[in-house]
Number of protein chains: 2
Amino acid sequence: MTKSPSQPDTPTVATGTRERVLDVSARIFRSRGYADTTMNHIAKAAGIKSASIYYYFKSKDEIVEEVLNLGTQRMFKAVRQNIDNLAPGVSFRDKLTVALRTHFTLLHTQGDYTAANIRLFPEAPPPVVKRHMCVRRSYGLYWQAMLKEGQAEGAIADTLDVEIVQLLLLGTLNWSVQWYKPKLYDLNEVAASGISLLLDGLIQADEISGNPVSQDAKDA
Amino acid sequence: MTKSPSQPDTPTVATGTRERVLDVSARIFRSRGYADTTMNHIAKAAGIKSASIYYYFKSKDEIVEEVLNLGTQRMFKAVRQNIDNLAPGVSFRDKLTVALRTHFTLLHTQGDYTAANIRLFPEAPPPVVKRHMCVRRSYGLYWQAMLKEGQAEGAIADTLDVEIVQLLLLGTLNWSVQWYKPKLYDLNEVAASGISLLLDGLIQADEISGNPVSQDAKDA
DNA sequence: GTCTATATACTGATAGAC
DNA sequence: GTCTATCAGTATATAGAC
(Lines give C-alpha, C1' and ligand atoms only; values in the text may rest on other atoms or scores of the structure.)
Protein backbone atom coordinates (compact mmCIF):
# COMPACT_ATOMS: atom_id res chain seq x y z
CA MET A 1 0.00 0.00 0.00
CA THR A 2 2.61 2.55 1.05
CA LYS A 3 4.86 3.12 -1.94
CA SER A 4 7.93 5.22 -2.33
CA PRO A 5 7.28 8.08 -4.79
CA SER A 6 7.92 7.81 -8.52
CA GLN A 7 8.27 4.03 -8.44
CA PRO A 8 6.77 1.98 -11.25
CA ASP A 9 4.45 -0.84 -10.28
CA THR A 10 5.97 -3.95 -8.68
CA PRO A 11 9.64 -3.29 -9.36
CA THR A 12 11.45 -6.50 -10.19
CA VAL A 13 14.81 -5.38 -8.87
CA ALA A 14 15.08 -3.56 -5.57
CA THR A 15 16.56 -0.15 -6.09
CA GLY A 16 15.53 2.01 -3.16
CA THR A 17 16.31 1.35 0.45
CA ARG A 18 12.74 0.43 1.27
CA GLU A 19 12.67 -2.34 -1.32
CA ARG A 20 16.08 -3.52 -0.21
CA VAL A 21 14.85 -3.76 3.37
CA LEU A 22 11.81 -5.73 2.25
CA ASP A 23 13.88 -8.09 0.12
CA VAL A 24 16.41 -8.90 2.81
CA SER A 25 13.59 -9.23 5.33
CA ALA A 26 11.90 -11.86 3.19
CA ARG A 27 15.19 -13.70 2.87
CA ILE A 28 15.94 -13.65 6.59
CA PHE A 29 12.37 -14.39 7.68
CA ARG A 30 12.42 -17.36 5.36
CA SER A 31 15.37 -18.95 7.10
CA ARG A 32 15.15 -17.64 10.67
CA GLY A 33 11.40 -17.37 11.10
CA TYR A 34 9.54 -14.52 12.75
CA ALA A 35 10.82 -14.33 16.32
CA ASP A 36 14.46 -15.07 15.63
CA THR A 37 14.72 -12.33 13.05
CA THR A 38 15.70 -9.04 14.67
CA MET A 39 15.66 -5.54 13.33
CA ASN A 40 19.42 -5.68 13.62
CA HIS A 41 19.65 -8.70 11.35
CA ILE A 42 17.58 -6.93 8.75
CA ALA A 43 19.49 -3.67 9.10
CA LYS A 44 22.89 -5.31 8.77
CA ALA A 45 21.82 -7.25 5.69
CA ALA A 46 20.45 -4.05 4.18
CA GLY A 47 23.60 -2.09 4.97
CA ILE A 48 22.01 0.41 7.33
CA LYS A 49 21.42 0.83 11.06
CA SER A 50 18.34 -0.63 12.67
CA ALA A 51 16.96 2.79 13.62
CA SER A 52 16.87 3.74 9.96
CA ILE A 53 14.36 1.04 9.20
CA TYR A 54 11.77 3.00 11.16
CA TYR A 55 11.94 5.73 8.56
CA TYR A 56 10.22 3.31 6.15
CA PHE A 57 8.26 1.04 8.48
CA LYS A 58 6.39 1.79 11.67
CA SER A 59 7.24 -1.54 13.23
CA LYS A 60 8.65 -5.00 12.68
CA ASP A 61 5.11 -6.30 12.25
CA GLU A 62 4.49 -3.89 9.41
CA ILE A 63 7.39 -5.48 7.55
CA VAL A 64 6.11 -8.94 8.31
CA GLU A 65 2.67 -8.08 7.06
CA GLU A 66 3.97 -6.70 3.80
CA VAL A 67 6.22 -9.71 3.22
CA LEU A 68 3.26 -11.95 3.97
CA ASN A 69 0.95 -10.11 1.57
CA LEU A 70 3.52 -9.90 -1.22
CA GLY A 71 4.16 -13.62 -0.94
CA THR A 72 0.55 -14.58 -1.41
CA GLN A 73 -0.07 -11.96 -4.07
CA ARG A 74 2.88 -13.04 -6.19
CA MET A 75 1.83 -16.64 -5.88
CA PHE A 76 -1.75 -15.81 -6.81
CA LYS A 77 -0.71 -13.70 -9.77
CA ALA A 78 1.63 -16.32 -11.19
CA VAL A 79 -0.89 -19.14 -10.88
CA ARG A 80 -3.72 -17.13 -12.41
CA GLN A 81 -1.49 -15.95 -15.23
CA ASN A 82 -0.43 -19.46 -16.15
CA ILE A 83 -4.01 -20.68 -15.98
CA ASP A 84 -5.28 -17.81 -18.11
CA ASN A 85 -2.65 -18.52 -20.73
CA LEU A 86 -3.92 -22.04 -21.29
CA ALA A 87 -5.78 -22.95 -24.45
CA PRO A 88 -9.57 -22.63 -24.03
CA GLY A 89 -10.46 -26.29 -24.33
CA VAL A 90 -7.77 -27.67 -22.07
CA SER A 91 -8.75 -30.52 -19.77
CA PHE A 92 -9.32 -30.01 -16.08
CA ARG A 93 -6.51 -32.37 -15.38
CA ASP A 94 -4.01 -30.30 -17.34
CA LYS A 95 -5.31 -27.14 -15.76
CA LEU A 96 -4.82 -28.50 -12.27
CA THR A 97 -1.39 -29.78 -13.22
CA VAL A 98 -0.31 -26.33 -14.31
CA ALA A 99 -1.68 -24.74 -11.16
CA LEU A 100 0.04 -27.24 -8.89
CA ARG A 101 3.31 -26.99 -10.73
CA THR A 102 3.28 -23.22 -10.68
CA HIS A 103 2.58 -23.12 -6.96
CA PHE A 104 5.29 -25.64 -6.21
CA THR A 105 7.89 -24.06 -8.44
CA LEU A 106 7.32 -20.58 -7.09
CA LEU A 107 7.79 -21.91 -3.59
CA HIS A 108 11.35 -22.84 -4.40
CA THR A 109 12.47 -20.39 -7.05
CA GLN A 110 12.15 -16.71 -7.86
CA GLY A 111 12.67 -14.90 -4.64
CA ASP A 112 12.07 -15.48 -0.97
CA TYR A 113 8.62 -13.95 -0.54
CA THR A 114 6.58 -17.04 -1.31
CA ALA A 115 8.68 -19.35 0.86
CA ALA A 116 8.82 -16.77 3.65
CA ASN A 117 5.05 -16.53 3.45
CA ILE A 118 4.66 -20.22 4.22
CA ARG A 119 7.02 -20.05 7.16
CA LEU A 120 5.69 -16.79 8.59
CA PHE A 121 2.06 -17.76 8.45
CA PRO A 122 2.00 -19.91 11.59
CA GLU A 123 4.64 -17.87 13.42
CA ALA A 124 3.50 -14.30 12.92
CA PRO A 125 1.46 -12.55 15.65
CA PRO A 126 -2.30 -13.23 15.38
CA PRO A 127 -3.24 -9.60 14.57
CA VAL A 128 -0.86 -9.59 11.62
CA VAL A 129 -2.11 -12.94 10.36
CA LYS A 130 -5.69 -11.78 10.80
CA ARG A 131 -5.10 -8.77 8.56
CA HIS A 132 -3.33 -10.97 6.04
CA MET A 133 -6.18 -13.45 5.91
CA CYS A 134 -8.25 -11.59 3.33
CA VAL A 135 -5.44 -11.85 0.80
CA ARG A 136 -4.91 -15.49 1.58
CA ARG A 137 -8.62 -16.24 1.44
CA SER A 138 -8.85 -14.86 -2.09
CA TYR A 139 -6.17 -17.27 -3.18
CA GLY A 140 -7.85 -20.20 -1.49
CA LEU A 141 -11.21 -19.33 -3.03
CA TYR A 142 -9.59 -19.18 -6.45
CA TRP A 143 -8.47 -22.78 -6.03
CA GLN A 144 -11.84 -23.84 -4.71
CA ALA A 145 -13.54 -22.31 -7.73
CA MET A 146 -11.21 -24.25 -9.98
CA LEU A 147 -12.04 -27.46 -8.13
CA LYS A 148 -15.76 -26.80 -8.51
CA GLU A 149 -15.26 -26.49 -12.25
CA GLY A 150 -13.65 -29.91 -12.12
CA GLN A 151 -16.68 -31.25 -10.29
CA ALA A 152 -19.01 -29.74 -12.87
CA GLU A 153 -17.03 -31.45 -15.62
CA GLY A 154 -17.15 -34.71 -13.75
CA ALA A 155 -13.38 -34.83 -13.53
CA ILE A 156 -13.39 -35.08 -9.76
CA ALA A 157 -15.91 -36.54 -7.35
CA ASP A 158 -19.02 -34.49 -6.66
CA THR A 159 -19.07 -35.51 -3.02
CA LEU A 160 -15.76 -33.92 -2.11
CA ASP A 161 -15.57 -30.82 0.05
CA VAL A 162 -13.57 -28.48 -2.15
CA GLU A 163 -12.29 -26.52 0.82
CA ILE A 164 -10.77 -29.59 2.43
CA VAL A 165 -9.36 -30.74 -0.88
CA GLN A 166 -7.81 -27.33 -1.47
CA LEU A 167 -6.17 -27.36 1.95
CA LEU A 168 -4.88 -30.89 1.41
CA LEU A 169 -3.53 -30.14 -2.06
CA LEU A 170 -1.70 -26.97 -1.19
CA GLY A 171 -0.62 -28.45 2.12
CA THR A 172 1.29 -31.19 0.34
CA LEU A 173 3.16 -28.60 -1.68
CA ASN A 174 3.61 -26.08 1.11
CA TRP A 175 5.10 -28.60 3.49
CA SER A 176 7.92 -29.14 1.02
CA VAL A 177 9.54 -25.88 2.14
CA GLN A 178 10.45 -27.79 5.29
CA TRP A 179 12.44 -30.52 3.60
CA TYR A 180 13.17 -29.62 0.00
CA LYS A 181 16.83 -28.77 -0.58
CA PRO A 182 17.93 -27.87 -4.10
CA LYS A 183 21.24 -29.71 -3.72
CA LEU A 184 19.58 -32.85 -2.37
CA TYR A 185 16.61 -33.37 -4.66
CA ASP A 186 15.77 -32.50 -8.24
CA LEU A 187 13.02 -29.89 -8.40
CA ASN A 188 11.33 -31.35 -11.44
CA GLU A 189 11.38 -34.86 -10.05
CA VAL A 190 9.83 -33.76 -6.79
CA ALA A 191 7.24 -31.68 -8.60
CA ALA A 192 6.33 -34.55 -10.90
CA SER A 193 6.12 -37.01 -8.01
CA GLY A 194 3.95 -34.67 -5.98
CA ILE A 195 1.57 -33.89 -8.82
CA SER A 196 1.32 -37.54 -9.79
CA LEU A 197 0.58 -38.47 -6.20
CA LEU A 198 -2.13 -35.88 -5.86
CA LEU A 199 -3.79 -36.48 -9.22
CA ASP A 200 -3.58 -40.25 -9.56
CA GLY A 201 -2.70 -41.51 -6.12
CA LEU A 202 0.04 -43.74 -4.89
CA ILE A 203 -1.60 -47.12 -5.37
CA GLN A 204 -1.30 -48.69 -8.79
CA ALA A 205 -4.54 -49.34 -10.62
CA ASP A 206 -3.94 -53.04 -11.10
CA GLU A 207 -7.20 -53.55 -12.99
CA ILE A 208 -7.23 -54.69 -16.59
CA SER A 209 -7.76 -51.12 -17.71
CA GLY A 210 -4.61 -49.53 -19.08
CA ASN A 211 -4.96 -46.56 -16.81
CA PRO A 212 -1.61 -44.77 -16.83
CA VAL A 213 -1.44 -44.23 -13.07
CA SER A 214 1.57 -42.41 -11.70
CA GLN A 215 2.72 -41.76 -15.20
CA ASP A 216 1.76 -38.24 -15.94
CA ALA A 217 2.48 -34.65 -15.16
CA LYS A 218 5.81 -34.72 -16.91
CA ASP A 219 5.42 -31.70 -19.10
CA ALA A 220 6.98 -28.27 -18.51
CA MET B 1 16.67 -40.18 28.79
CA THR B 2 16.77 -38.37 32.13
CA LYS B 3 14.04 -39.87 34.24
CA SER B 4 12.88 -39.10 37.74
CA PRO B 5 13.63 -42.01 40.07
CA SER B 6 11.20 -44.86 40.73
CA GLN B 7 8.99 -43.99 37.78
CA PRO B 8 7.51 -46.78 35.66
CA ASP B 9 8.11 -46.62 31.94
CA THR B 10 6.20 -44.02 29.94
CA PRO B 11 3.69 -42.83 32.54
CA THR B 12 0.32 -42.16 30.99
CA VAL B 13 -0.79 -39.61 33.52
CA ALA B 14 1.58 -36.95 34.74
CA THR B 15 2.01 -37.20 38.47
CA GLY B 16 5.29 -35.53 39.40
CA THR B 17 6.22 -31.94 38.78
CA ARG B 18 8.67 -32.83 36.06
CA GLU B 19 6.01 -34.60 34.02
CA ARG B 20 3.58 -31.78 34.65
CA VAL B 21 6.11 -29.28 33.33
CA LEU B 22 6.65 -31.38 30.24
CA ASP B 23 2.94 -31.78 29.62
CA VAL B 24 2.11 -28.09 29.90
CA SER B 25 5.19 -27.27 27.83
CA ALA B 26 3.94 -29.45 25.00
CA ARG B 27 0.54 -27.80 25.21
CA ILE B 28 1.94 -24.27 25.16
CA PHE B 29 4.59 -24.95 22.54
CA ARG B 30 1.88 -26.39 20.35
CA SER B 31 -0.13 -23.18 20.35
CA ARG B 32 2.52 -20.47 20.86
CA GLY B 33 5.47 -21.99 19.08
CA TYR B 34 9.06 -21.97 20.28
CA ALA B 35 10.06 -18.35 20.65
CA ASP B 36 6.81 -17.01 22.01
CA THR B 37 6.71 -19.58 24.80
CA THR B 38 8.52 -18.30 27.88
CA MET B 39 9.65 -20.10 31.00
CA ASN B 40 7.09 -17.96 32.81
CA HIS B 41 4.24 -19.26 30.66
CA ILE B 42 5.28 -22.80 31.41
CA ALA B 43 5.78 -22.13 35.11
CA LYS B 44 2.43 -20.48 35.55
CA ALA B 45 0.62 -23.28 33.77
CA ALA B 46 2.45 -25.81 35.92
CA GLY B 47 1.64 -23.92 39.10
CA ILE B 48 5.21 -23.11 40.08
CA LYS B 49 7.70 -20.28 39.63
CA SER B 50 9.94 -20.15 36.57
CA ALA B 51 13.12 -20.60 38.62
CA SER B 52 11.83 -23.94 39.87
CA ILE B 53 11.84 -25.35 36.38
CA TYR B 54 15.62 -25.29 36.42
CA TYR B 55 15.58 -27.89 39.16
CA TYR B 56 14.35 -30.36 36.54
CA PHE B 57 15.73 -28.96 33.29
CA LYS B 58 19.03 -27.30 32.53
CA SER B 59 17.50 -24.97 29.96
CA LYS B 60 14.49 -24.16 27.85
CA ASP B 61 16.07 -26.01 24.97
CA GLU B 62 16.32 -29.16 27.05
CA ILE B 63 12.54 -29.05 27.46
CA VAL B 64 12.05 -28.44 23.78
CA GLU B 65 14.27 -31.34 22.87
CA GLU B 66 12.41 -33.72 25.15
CA VAL B 67 9.02 -32.60 23.85
CA LEU B 68 10.32 -33.02 20.31
CA ASN B 69 11.63 -36.52 20.98
CA LEU B 70 8.55 -37.66 22.87
CA GLY B 71 6.34 -36.45 20.05
CA THR B 72 8.11 -38.48 17.40
CA GLN B 73 8.52 -41.51 19.65
CA ARG B 74 4.84 -41.67 20.54
CA MET B 75 3.88 -41.29 16.93
CA PHE B 76 6.31 -43.99 15.89
CA LYS B 77 5.15 -46.35 18.61
CA ALA B 78 1.46 -45.93 17.80
CA VAL B 79 1.94 -46.45 14.08
CA ARG B 80 4.13 -49.50 14.51
CA GLN B 81 1.74 -50.99 17.04
CA ASN B 82 -1.25 -50.62 14.75
CA ILE B 83 0.68 -52.06 11.85
CA ASP B 84 1.92 -55.00 13.90
CA ASN B 85 -1.61 -55.79 15.02
CA LEU B 86 -2.80 -56.29 11.46
CA ALA B 87 -3.60 -59.73 10.14
CA PRO B 88 -0.60 -61.35 8.39
CA GLY B 89 -2.00 -61.41 4.88
CA VAL B 90 -3.40 -57.89 4.81
CA SER B 91 -2.96 -55.95 1.59
CA PHE B 92 -0.42 -53.19 1.25
CA ARG B 93 -3.22 -50.78 0.61
CA ASP B 94 -4.89 -51.55 3.92
CA LYS B 95 -1.57 -51.39 5.71
CA LEU B 96 -0.81 -47.97 4.33
CA THR B 97 -4.32 -46.81 5.16
CA VAL B 98 -3.88 -47.80 8.78
CA ALA B 99 -0.51 -46.09 8.99
CA LEU B 100 -1.79 -42.87 7.46
CA ARG B 101 -4.89 -42.84 9.62
CA THR B 102 -2.91 -43.47 12.78
CA HIS B 103 -0.49 -40.67 11.99
CA PHE B 104 -3.24 -38.24 11.17
CA THR B 105 -5.41 -39.12 14.15
CA LEU B 106 -2.55 -38.87 16.62
CA LEU B 107 -1.76 -35.43 15.26
CA HIS B 108 -5.13 -34.18 16.42
CA THR B 109 -6.02 -36.31 19.43
CA GLN B 110 -4.36 -37.84 22.46
CA GLY B 111 -2.05 -35.23 23.84
CA ASP B 112 -0.11 -32.28 22.58
CA TYR B 113 3.27 -33.86 22.01
CA THR B 114 2.71 -34.98 18.45
CA ALA B 115 1.20 -31.69 17.32
CA ALA B 116 3.83 -29.70 19.21
CA ASN B 117 6.47 -31.78 17.46
CA ILE B 118 5.25 -30.66 14.05
CA ARG B 119 5.18 -27.02 15.04
CA LEU B 120 8.50 -27.03 16.91
CA PHE B 121 10.46 -28.79 14.21
CA PRO B 122 10.99 -25.77 11.97
CA GLU B 123 11.10 -23.25 14.82
CA ALA B 124 13.46 -24.85 17.32
CA PRO B 125 17.14 -23.83 17.35
CA PRO B 126 19.28 -25.78 14.86
CA PRO B 127 21.39 -27.57 17.52
CA VAL B 128 18.24 -28.92 19.16
CA VAL B 129 16.78 -30.04 15.86
CA LYS B 130 20.07 -31.62 14.89
CA ARG B 131 20.07 -33.76 18.02
CA HIS B 132 16.43 -34.66 17.43
CA MET B 133 17.08 -35.77 13.87
CA CYS B 134 18.17 -39.31 14.71
CA VAL B 135 14.79 -40.03 16.29
CA ARG B 136 12.97 -38.49 13.39
CA ARG B 137 15.08 -40.34 10.87
CA SER B 138 14.14 -43.69 12.39
CA TYR B 139 10.49 -42.87 11.89
CA GLY B 140 11.03 -41.78 8.31
CA LEU B 141 13.01 -44.91 7.53
CA TYR B 142 10.22 -47.05 8.94
CA TRP B 143 7.83 -45.49 6.44
CA GLN B 144 10.30 -45.87 3.62
CA ALA B 145 10.71 -49.57 4.43
CA MET B 146 6.95 -49.95 4.31
CA LEU B 147 6.85 -48.25 0.93
CA LYS B 148 9.57 -50.55 -0.39
CA GLU B 149 7.45 -53.53 0.62
CA GLY B 150 4.68 -52.02 -1.46
CA GLN B 151 7.04 -51.74 -4.39
CA ALA B 152 8.08 -55.38 -3.97
CA GLU B 153 4.44 -56.42 -4.04
CA GLY B 154 3.82 -54.30 -7.09
CA ALA B 155 1.27 -52.22 -5.27
CA ILE B 156 3.10 -48.98 -5.98
CA ALA B 157 5.34 -47.96 -8.84
CA ASP B 158 8.88 -49.29 -8.82
CA THR B 159 10.24 -46.07 -10.21
CA LEU B 160 9.23 -43.90 -7.26
CA ASP B 161 11.79 -42.52 -4.84
CA VAL B 162 10.47 -43.79 -1.52
CA GLU B 163 12.11 -40.96 0.41
CA ILE B 164 10.34 -38.31 -1.64
CA VAL B 165 7.06 -40.20 -1.42
CA GLN B 166 7.39 -40.51 2.34
CA LEU B 167 8.02 -36.79 2.70
CA LEU B 168 5.06 -35.98 0.47
CA LEU B 169 2.71 -38.38 2.25
CA LEU B 170 3.50 -37.27 5.77
CA GLY B 171 3.70 -33.66 4.64
CA THR B 172 0.09 -33.73 3.54
CA LEU B 173 -0.96 -34.96 6.96
CA ASN B 174 1.44 -32.80 8.95
CA TRP B 175 0.36 -29.60 7.28
CA SER B 176 -3.14 -30.17 8.61
CA VAL B 177 -2.03 -28.98 12.05
CA GLN B 178 -2.01 -25.52 10.48
CA TRP B 179 -5.63 -25.48 9.41
CA TYR B 180 -7.55 -28.32 11.02
CA LYS B 181 -9.94 -27.11 13.72
CA PRO B 182 -12.10 -29.72 15.50
CA LYS B 183 -15.10 -27.40 15.61
CA LEU B 184 -14.84 -26.53 11.93
CA TYR B 185 -14.22 -29.87 10.27
CA ASP B 186 -15.03 -33.47 11.05
CA LEU B 187 -11.90 -35.44 11.86
CA ASN B 188 -13.04 -38.62 10.15
CA GLU B 189 -14.12 -36.80 7.03
CA VAL B 190 -10.81 -35.01 6.73
CA ALA B 191 -8.87 -38.22 7.39
CA ALA B 192 -10.90 -40.12 4.80
CA SER B 193 -10.49 -37.34 2.24
CA GLY B 194 -6.76 -37.12 2.82
CA ILE B 195 -6.19 -40.87 2.63
CA SER B 196 -8.37 -41.19 -0.44
CA LEU B 197 -6.46 -38.35 -2.09
CA LEU B 198 -3.10 -39.90 -1.36
CA LEU B 199 -4.00 -43.47 -2.26
CA ASP B 200 -6.24 -43.01 -5.31
CA GLY B 201 -5.69 -39.44 -6.38
CA LEU B 202 -8.08 -36.62 -7.02
CA ILE B 203 -8.89 -37.26 -10.64
CA GLN B 204 -11.66 -39.74 -11.35
CA ALA B 205 -10.70 -42.82 -13.32
CA ASP B 206 -13.27 -42.27 -16.04
CA GLU B 207 -12.35 -45.45 -17.85
CA ILE B 208 -14.80 -48.30 -18.27
CA SER B 209 -13.19 -50.13 -15.38
CA GLY B 210 -15.24 -49.96 -12.20
CA ASN B 211 -12.28 -48.79 -10.21
CA PRO B 212 -13.67 -47.39 -6.92
CA VAL B 213 -11.61 -44.23 -6.97
CA SER B 214 -12.02 -41.86 -4.03
CA GLN B 215 -14.25 -44.38 -2.34
CA ASP B 216 -12.15 -46.16 0.19
CA ALA B 217 -10.29 -45.79 3.44
CA LYS B 218 -13.45 -45.71 5.47
CA ASP B 219 -12.67 -48.36 8.00
CA ALA B 220 -11.35 -47.76 11.55
C1' DG C 1 11.78 -28.74 45.99
C1' DT C 2 10.24 -24.27 45.70
C1' DC C 3 10.85 -19.79 46.64
C1' DT C 4 12.62 -14.43 46.19
C1' DA C 5 15.78 -11.58 44.21
C1' DT C 6 18.68 -10.46 40.73
C1' DA C 7 22.35 -10.68 37.00
C1' DT C 8 23.02 -10.18 32.20
C1' DA C 9 21.77 -9.59 27.72
C1' DC C 10 19.06 -8.26 24.05
C1' DT C 11 14.75 -6.83 22.12
C1' DG C 12 11.69 -3.24 19.52
C1' DA C 13 11.29 1.33 19.40
C1' DT C 14 12.09 6.64 20.15
C1' DA C 15 14.62 11.27 20.28
C1' DG C 16 17.16 14.19 18.18
C1' DA C 17 21.82 15.50 15.82
C1' DC C 18 23.60 15.81 11.23
C1' DG D 1 17.67 9.71 5.03
C1' DT D 2 20.82 7.92 8.11
C1' DC D 3 23.08 8.28 12.09
C1' DT D 4 24.28 7.92 17.60
C1' DA D 5 22.48 7.33 21.96
C1' DT D 6 19.31 5.48 24.79
C1' DC D 7 14.91 3.94 27.02
C1' DA D 8 11.83 0.60 28.74
C1' DG D 9 10.51 -4.02 28.61
C1' DT D 10 11.38 -8.75 28.87
C1' DA D 11 14.01 -12.96 28.22
C1' DT D 12 16.87 -16.95 30.13
C1' DA D 13 19.30 -18.27 33.76
C1' DT D 14 21.71 -18.09 38.47
C1' DA D 15 22.38 -17.44 43.71
C1' DG D 16 21.02 -18.47 47.74
C1' DA D 17 17.23 -18.41 51.60
C1' DC D 18 13.79 -21.51 53.36
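The figures here come from the full heavy-atom set of this structure, side chains too, leaving out hydrogens, waters and symmetry mates. Letters go in sequence order (proteins before strands), and every chain restarts at 1.
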Using a 3.5 Å cut-off and no angle test, enumerate the donor-acceptor pairs between side-chain atoms of residues 43-55 of chain A and protein atoms at least two apart in sequence or in another chain.
| unit_1 | atom_1 | unit_2 | atom_2 | d |
| --- | --- | --- | --- | --- |
| A:S52 | OG | A:K49 | O | 3.4 |

A correct 5'-to-3' footprint of nucleotides 2-18 of chain C, with B, S and - meaning base, sugar-phosphate only and no protein heavy atom under 4.0 Å, is BBB------SSBB----
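Exactly one residue among A:L197, A:D200, A:L100, A:I156 makes a side-chain contact (heavy atoms from CB on, under 4.5 Å) with B:L202. That residue is A:I156. The one candidate from A:R136, A:Q73, A:R74 that meets the side-chain hydrogen bond (donor to acceptor under 3.5 Å, both in side chains) condition with A:N117 is A:R136. Of the candidates A:Q166, A:R80, A:H103, A:Y139 forms a side-chain hydrogen bond (donor to acceptor under 3.5 Å, both in side chains) with just one, namely A:H103.
The CG atom of A:L167 sits 12.5 Å away from atom OH of B:Y180, with the distance rounded to the nearest 0.5 Å.
Between A:H132 and A:F121, the ring planes are perpendicular. Angles over 60° get that label, and only those under 30° would be called parallel.
In summary, A:D112 and A:R119 do not engage in a salt bridge, as defined by a charged side-chain N under 4.0 Å from a carboxylate O.
One axis for each end of the helix from C:dG1-D:dC18 to C:dC18-D:dG1, each built from five base pairs, and the angle between them comes to 0° at 10° resolution.
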